[in-house]
Amino acid sequence: MRYQVTLGERRVRVDLAPDGRFTVDERVVAADVREVARGRVWSVTLEGESHEITLLTSEPMRLDVDGTEVRVLVLDERTAHARGAASAAATGRLEIRSPMPGLLKAVHVSEGDHVERDAALATLEAMKM
């Protein structure tokens, strides 16, 4: 899974492999993460350097990293892509893809229509599994 992580003013891309290995901005990183207090405190060793990370708040996410408070935003690749498309120019052609196979039942807009944010564009029918 790929994540876009913003720590304060710094943005990095983190790729997590199914085997637990990960890369940061295309660089393989040696790390060991141990949960100290469930869902709240972690001991993290990165490249041989030890850090203590404490979750201060979830929304917005704020962490205490070795005594320094850091604001963090973590987006998975699908959410990051969707936000990028939403912040793109509002004019021109935009491709919309379904997150699942389905049957297009209705299209609620026509070419050239002015579309408000969060307006229904189409109705997709998919099997419930």
Side-chain angles (χ1 to χ4, degrees):
M1 178 62 89
R2 180 171 290 155
Y3 296 92
Q4 179 180 322
V5 180
T6 305
L7 300 134
E9 299 296 318
R10 184 174 176 217
R11 181 177 290 174
V12 295
R13 190 178 86 214
V14 177
D15 293 297
L16 296 176
D19 64 1
R21 292 190 224 173
F22 66 96
T23 60
V24 176
D25 286 338
E26 311 265 339
R27 195 177 123 243
V28 176
V29 177
D32 179 45
V33 179
R34 296 179 194 269
E35 194 171 41
V36 177
R38 188 172 186 148
R40 179 143 170 83
V41 181
W42 297 266
S43 174
V44 178
T45 304
L46 288 171
E47 312 262 294
E49 195 172 312
S50 183
H51 304 278
E52 183 173 296
I53 300 174
T54 304
L55 176 66
L56 300 174
T57 62
S58 296
E59 290 292 328
M61 185 181 286
R62 290 179 19 247
L63 302 174
D64 178 297
V65 181
D66 297 333
T68 302
E69 186 176 319
V70 180
R71 290 192 78 153
V72 179
L73 176 64
V74 179
L75 299 174
D76 62 70
E77 66 183 327
R78 185 178 288 175
T79 303
H81 181 72
R83 283 193 177 183
S87 65
T91 60
R93 186 174 183 92
L94 179 66
E95 184 175 310
I96 300 172
R97 292 180 172 252
S98 170
M100 69 192 82
L103 177 64
L104 183 62
K105 295 296 280 185
V107 177
H108 306 292
V109 295
S110 298
E111 188 171 338
D113 284 356
H114 177 76
V115 179
E116 296 294 324
R117 184 182 192 131
D118 296 326
L121 303 178
T123 301
L124 180 73
E125 183 179 274
M127 290 184 64
K128 185 176 179 180
M129 297 182 82

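For Thr45, there are no side-chain hydrogen bond (donor to acceptor under 3.5 Å, both in side chains) partners at least two apart in sequence or on another chain. Under the side-chain hydrogen bond (donor to acceptor under 3.5 Å, both in side chains) criterion, Thr23 pairs with Asp15, sequence neighbours left out. Qualifying side chain to side chain contact (heavy atoms under 4.5 Å, CB included) partners for Arg62, counting only residues two or more places apart in sequence or in other chains: Leu56, Thr57, Glu69, Arg71. For the side-chain hydrogen bond (donor to acceptor under 3.5 Å, both in side chains) test, no residue two or more places apart in sequence or in another chain qualifies with Glu9. Every side-chain hydrogen bond (donor to acceptor under 3.5 Å, both in side chains) that Asp66 has, sequence neighbours left out, goes to His51. A search for salt bridge (charged side-chain N to carboxylate O under 4.0 Å, His left out) contacts involving Arg10 returns nothing, not counting sequence neighbours. Every residue two or more places apart in sequence or in another chain that forms a side chain to side chain contact (heavy atoms under 4.5 Å, CB included) with Ser110 is listed here: Asp113. Residues meeting the side chain to side chain contact (heavy atoms under 4.5 Å, CB included) test with Glu125, sequence neighbours left out: Leu103, Lys105.
By the 4.5 Å side-chain criterion applied to Ile, Leu, Val, Met, Phe, Trp and Tyr, Val28 is assigned to no cluster and stands alone. Chaining together hydrophobic side chains whose heavy atoms lie under 4.5 Å apart places Leu7 alongside Met1, Tyr3, Val5, Val12, Val14, Leu16, Phe22, Val24, Val29, Val33, Trp42, Val44, Leu46, Ile53, Leu55, Met61, Leu63, Val65, Val70, Val72, Val74. Under a 4.5 Å side-chain heavy-atom cut-off, the cluster of Ile, Leu, Val, Met, Phe, Trp and Tyr residues that includes Val36 is completed by Val41.
When all heavy atoms of Ser50 and Ser43 are compared, the pair lying nearest together is OG-OG, 4.3 Å.
Leu121 places none of its side-chain heavy atoms less than 4.5 Å from the side chain of His108.
Applying the salt bridge (Lys or Arg N to Asp or Glu O under 4.0 Å) test to residues at least two apart or on different chains, the pairs with a partner in residues 36-60 are Arg27-Glu47.
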